[in-house]
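Note that the coordinates shown come from a computational prediction; the quantities given were computed from them, not determined experimentally. Heavy atoms only: backbone and side chains are in, while hydrogens, waters and symmetry mates are out.
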Amino acid sequence: MTDSAATAQAPVDSWPKTLLTGAQMLFVAFGALVLVPLLTGLDPNVALFTAGIGTLIFHGVTRVTVPVFLASSFAFIAPIQGSVASFGVSATLGGLMAAGLVYVAISQVVRLKGTGWLHRLLPPVVVGPVIMVIGLALAPVAVEMATGQTSDNIDYGPAVFLSMVSLLVTLVLAVFGRGLLRLIPIMGGIVTGYLLALLMGVVDFTPVQEAAWLALPSFTAPSFHWAAILFMIPVAIAPAVEHIGDMVAIGSVTRRNYLEKPGLHRTLLGDGLATTAAALFGGPPNTTYSEVTGAVTLTRAFDPRIVVVAAVIAIVLAFVGKLGALLQTIPGPVMGGIMTLLFGSIAVVGMNTLVRAGKPLTAPRNLVVVSLVLVFGIGGMQFGGGQFTLQGVSLAALVGIVLNWVLPRDEEDE
């Protein structure tokens with residue numbers, strides 16, 4: 001065993017230290033964790049619960065070998081918002097369960113066939129623009145929230161002021177922050193915007209006063225409708241591919257190859273089962289968190305038991321009723337300011353996927369694939385009707401896969 005491997009496996013000194021470090025990991029992930037339910041209309045206490053349950057499931061499948069925390073996936077924000085508007089919350093959760101099962105299916109094919117087929121089916125020329133569609137499809141929603149169009153008690157002027165201050169703080173922390181501050185730009189933006197909203201008198205504490213200290217989270221059962229399932233399944237493609245990069249990233253920090261041990265098929269399976277379980281209770285899909293990877297890098301806390309402790313703390317906090325009520329008092333413009341950066345950053349991830357591939361985008365084949373994926377996904381194109389409507393991200397992903405399959409490849413792509 002190498003020294004670096006030994007270091008990666010070294011346990012922390014004591015359970016008190018493990019508890020404190022686990023609480024810190026949850027604090028780092030907290031702002032981003034609750035952002036997804038707050039933006040999509042799901043219950044933040046349920047999201048805390050399902051993040052904890054999902055993380056425990058992941059570590060059960062991977063045998064507590066990878067120091068990662070699973071929580072709300074940003075890639076699903078825009079699709080969830082679109083699906084809830086079209087099909088309702090319960091049907092959306094059914095679609096998310098199906099998306100989790102796609103992860104499970106991919107994990108089993110990876111176990112049998114390796115990852116080569118996945119890269120052939122979903123090359124960067126498909127995955128990149130699909131991720132861009134995920135980020136940009138509902139960009140107008142972010143602008144509407146930031147300008148107060150979704151708030152009954154906040155006019156345009158105060159809304160823009162709140163949203164831009166929240167955005168500015170998030171930008172400053174993300175670019176100029178050092179140490180722990182650089183890992184919590186979203187939380188910093190939300191807290192600053194919330195405090196400013198308090199000074200402006202636009203925060204309504206009635207839900208907090210009416211909420212109990214201890215209460216069951218508002219679990220919601222999924223229902224299954226073909227339209228919602230067809231809408232949501234393709235969304236799982238991009239996060240599943242991105243999962244490989246997440247495992248490589250955390251492996252580079254701990255200097256271990258998690259694609260071999262516990263194996264990519266196990267990490268994908270854990271992610272898929274965690275997402276399915278989250279939807280079963282009414283929570284958003286789970287994914288590995290880059291914020292936690294950054295915290296692991298900063299603190300050198302490589303023991304996976306630390307994130308298991310963070311998961312248990314998340315489950316306990318889920319039953320604090322006033323916490324969820326407090327989170328729901330955050331004004332819409334504050335969240336809108338954060339969303340303008342968040343949706344754009346997701347699109348940039350897609351752009352980076354294309355750039356890193358090093359393929360000429362003006363080559364006829366690549367130009368056709370990228371152009372049609374973007375226009376069909378963002379422009380509102382749809383096929384079918386009723387229960388079998390294809391539109392948005394699902395249509396964009398399908399168009400990209402089909403075009404990549406049928407169009408002749410250039411010599412350098414062979």
Side-chain angles (χ1 to χ4, degrees), residues 7-38 43-60 62 64-73 170 173-174 177-192 194-195 208 211 213-215 217 246 250 253-254 270 274 278 283-284 286-327 330:
T7 301
Q9 290 182 338
V12 291
D13 296 333
S14 61
W15 274 109
K17 182 178 178 181
T18 304
L19 184 64
L20 288 174
T21 311
Q24 177 178 261
M25 291 293 180
L26 181 61
F27 174 79
V28 168
F30 190 85
L33 190 165
V34 299
L35 183 64
V36 176
L38 290 175
D43 187 279
N45 285 56
V46 174
L48 275 168
F49 180 83
T50 55
I53 291 295
T55 301
L56 294 181
I57 290 174
F58 178 89
H59 284 284
T62 59
V64 197
T65 55
V66 190
V68 298
F69 185 86
L70 270 63
S72 313
S73 171
T170 304
L173 290 179
R178 294 292 180 265
L180 184 62
L181 286 178
R182 191 167 189 171
L183 300 175
I184 55 170
I186 291 175
M187 177 173 281
I190 292 175
V191 170
T192 302
Y194 191 79
L195 292 176
V208 181
W213 277 103
L214 296 177
D246 292 335
I250 189 65
V253 171
T254 62
N286 283 315
T287 189
T288 49
Y289 255 33
S290 57
E291 289 91 341
V292 173
T293 300
V296 169
T297 305
L298 182 68
T299 62
R300 316 302 292 173
F302 296 147
D303 191 341
R305 293 182 301 170
I306 290 171
V307 283
V308 171
V309 169
V312 173
I313 295 174
I315 293 172
V316 172
L317 289 178
F319 292 90
V320 180
K322 285 191 181 296
L323 175 61
L326 181 65
L327 293 172
I330 300 174

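- Here the CG-OG distance, from N286 to S72, works out to 7.0 Å after rounding to the nearest 0.5 Å.
- Scored by the side-chain contact (heavy atoms from CB on, under 4.5 Å) test, L38 finds V34, P44, L327, Q328, I330, M335 as partners (sequence neighbours excluded).
- Across all their heavy atoms, P67 and T254 have their closest contact at CG-CG2, 3.9 Å.
- Across all non-hydrogen atoms, the minimal contact from A310 to G22 is CB-O, 3.2 Å.
- Among all heavy-atom pairs drawn from I190 and G31, the shortest one is CD1-O, 4.4 Å.
- The side-chain contact (heavy atoms from CB on, under 4.5 Å) search around V308 returns L56, H59, V64, not counting sequence neighbours.
- What you find for A174 and P185 is that their closest heavy atoms are N-CB, 3.8 Å.
- In this structure, CZ in F30 is found 5.0 Å from CG in L48, a value given to the nearest 0.5 Å.
- Two residues are said to be in side-chain contact when any heavy atoms from C-beta on lie closer than 4.5 Å; M25 and V296 meet this criterion.
- In this structure, the separation between CD1 on I57 and CG on L70 is 9.5 Å, given to the nearest 0.5 Å.
- Closest of all the heavy-atom pairs between T65 and T62 is OG1-O, 2.8 Å.
- Contact of the I186 side chain with the L35 side chain is registered, since non-hydrogen atoms from C-beta on lie closer than 4.5 Å.
- Separation of atoms CZ (F49) and CG (D43) is listed at 12.0 Å; rounding is to 0.5 Å.
- In this structure, CG on L33 lies 13.0 Å from CZ on F27, to the nearest 0.5 angstrom.
- In this structure, CG in L173 is found 7.0 Å from OG1 in T192, a value given to the nearest 0.5 Å.
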Report all side-chain donor-acceptor pairs from residues 311-324 shorter than 3.5 Å, counting only partners two or more places apart or in another chain.
unit_1 : atom_1 : unit_2 : atom_2 : d
K322   : NZ     : V208   : O      : 2.7
K322   : NZ     : A211   : O      : 2.8

Step by step, work out the side chain to side chain contact (heavy atoms under 4.5 Å, CB included) result for D303 and T18. CA-CA 9 Å; D303 191 341; T18 304; 5.6 Å; no
